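The structure appears right after this line, and notes come after that.
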Amino acid sequence: MPEEPREQKAGLAVEDTRRPRPAACSAVAEQDAAGRAASRSTVLRPQKSNISDANFPVDAEGRTYHLGTKRGEVANRILSVGSEKRALMLAEYLEPVAPGRGLFMLESSRGFLTITGRYTGAPVSIIVTHMGMANADFVVRENRHAAALHAASSCADADADDYSRGAVVEGEMAIVRLGTCGALQPPAHLGSFVVADPGAILIRRNPDAFTPEGEEGGLVPYTFSRPIPSDPALSLALEQEAVRLLGPEGVCRGLNATADSFYSSQGRRTGWFEDRNETLLADLLCCYPEAVTLEMETAMLLDLARCSRGSIRAAAGVIALADRASNHFLAAERTEQLERATGQACLAALARTPLDDDWGPHNGSGPPVWAS
Ligand code: R1P
Ligand code: URA
């Protein structure tokens with residue numbers, strides 16, 4: 001058997017086992033350059049190395065602890081997706097980072113896969129975020145991480161430039177989440193693509209309510225946050241691109257509810273645990289009659305963007321694959337068709353979004369991977 005091709009870069013072991021397939025039977029436009037970029041790409045895996053700084057752990061190269069990427073490997077336009085399968089499928093639509101090269105692909109030891117290429121010419125990264133708010137937090141914070149800032153003794157004195165300098169992603173960032181969700185009520189229905197506009201609320205399980213004292217004190221088992229806004233322009237671009245690819249009947253917008261679990265905090269019932277969630281969905285709709293979808297990451301993404309001192313713009317769109325009223329689940333083939341179409345809508349929305357994304361001097365870390 002021929003030996004697998006291998007090459008070695010500073011601090012990176014290189015594998016070629018995981019590649020996006022060249023674009024095959026897409027429902028929408030295929031791109032030749034994209035197929036070629038995908039088939040030329042290899043997956044890099046950072047080798048284990050010592051980490052410094054317990055406050056914001058990075059290795060000697062400046063690679064973050066969980067995502068494993070460093071400055072210049074991630075574009076200012078990020079598409080966050082929940083699964084590796086979805087990321088590799090959408091990577092088929094990316095063009096090479098630069099002429100004659102493939103896509104940049106790196107998977108960390110924690111399984112975060114980052115794929116950087118271009119979409120209609122604009123540098124874009126697709127990042128496998130996995131599931132839940134803690135993972136969304138890793139993706140946003142480790143890309144925004146600014147070595148210059150955390151080394152400074154006083155954060156209060158830092159200006160916007162300090163926050164950006166030395167970050168994995170320098171300059172303004174736009175992050176779009178493409179996920180799946182449960183549909184609560186019309187206009188969301190099985191197979192809809194729902195843009196989280198005006199934003200999302202957060203549903204949290206309250207562990208104190210499940211103690212004898214909590215019960216005695218009448219603590220509620222689940223709490224709802226106030227709405228957290230999405231970026232209006234980015235959300236509109238996402239909706240317009242989705243309508244362009246799916247038609248207006250396949251796309252709607254509405255308030256999303258992000259839950260801290262798939263089961264109890266989304267009102268799913270099992271006999272094995274005391275969840276006290278019998279009225280959760282009714283309570284949610286009483287409090288937020290406009291809520292249409294349920295999933296697990298959007299509120300965290302929007303909250304971090306809101307708290308990013310103006311450096312991050314965020315939006316989300318979700319494919320409704322579980323109808324919580326009828327209890328039906330979307331067929332796998334239809335889900336994949338929708339992931340392909342809406343994934344391209346997300347990439348197009350990111351690519352057309354104007355950003356203040358100038359990269360400054362690279363301070364020894366080299367130019368970004370998409371610099372030709
Ligand atoms: C649960 O099945 C997962 O699906 C949804 C939820 O938010 C959660 O992450 O989104 P993704 O399809 O993006 O993972
Ligand atoms: N993802 C969720 O979080 N909930 C659903 O019902 C479907 C997908």
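Counting starts at 1 for both ligands and their atoms, following the listed order. Bear in mind the structure is a predicted one, so any value in this text is a computation, not a measurement. One is the number of the first residue; the rest follow in order along the sequence.
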Considering non-hydrogen atoms of the protein only, which is the closest contact for [atom], and what is the distance?
atom                   : value
atom 4 (N) of ligand 2 : Gln266 OE1, 2.8 Å
atom 4 (O) of ligand 1 : Thr180 OG1, 3.3 Å
atom 7 (O) of ligand 1 : Glu297 OE1, 2.5 Å
atom 7 (C) of ligand 2 : Cys181 C, 3.3 Å
atom 6 (O) of ligand 2 : Arg268 NH2, 2.6 Å

Item to check | Interfacing atoms of ligand 1 (cut-off 4.0 Å, heavy-atom, Gly82) | outcome: 13 (O), 14 (O)
Item to check | Distance filter under 4.0 Å to Phe262 heavy atoms, resulting ligand 1 atoms | outcome: 1 (C), 2 (O)
Examine the side chains of [X] and [Y] and answer whether a donor and an acceptor come within less than 3.5 Å of each other.
X      : Y      : value
Thr258 : Asn256 : yes
Arg334 : Gln337 : yes
Ser265 : Asp260 : yes

Item to check | Ion pair Arg276/Glu215, N-O distance below 4.0 Å | outcome: yes
Checklist entry - Can the ring centroids of Phe112 and His66 be said to lie less than 6.0 angstrom from one another? => result no
Under 4.0 Å from any heavy atom of [X], which atoms of ligand 2 are there?
X      : result
Met296 : 3 (O)
Leu321 : 7 (C), 8 (C)
Leu294 : 2 (C), 3 (O), 4 (N)
Gly182 : 4 (N), 5 (C), 6 (O), 7 (C)
Thr180 : 1 (N), 8 (C)

Item to check | Side-chain heavy atoms of Phe224 within contact of Arg204, under 4.5 Å | outcome: no
Checklist entry - Tyr222, Val220: one ILVMFWY side-chain cluster at the under-4.5 Å cut-off? => result no
Next on the checklist: Is there a side-chain hydrogen bond (donor to acceptor under 3.5 Å, both in side chains) between Tyr263 and Arg269? Walk through the geometry before answering.
Outcome noted: CA-CA 7 Å; Tyr263 292 102; Arg269 314 279 308 283; over 6 Å; no
Item to check | For atom 10 (O) of ligand 1, the option (of Met131, Arg177, Glu295) bearing the nearest heavy atom | outcome: Arg177
Next on the checklist: Please check this pair: side chain of Thr116 against backbone of Ser125, looking for a donor-acceptor N/O pair closer than 3.5 Å.
Outcome noted: no
Next on the checklist: Just to check, does Met131 reach to within less than 4.0 Å of ligand 2 when the distance is taken from its heavy atoms?
Outcome noted: no
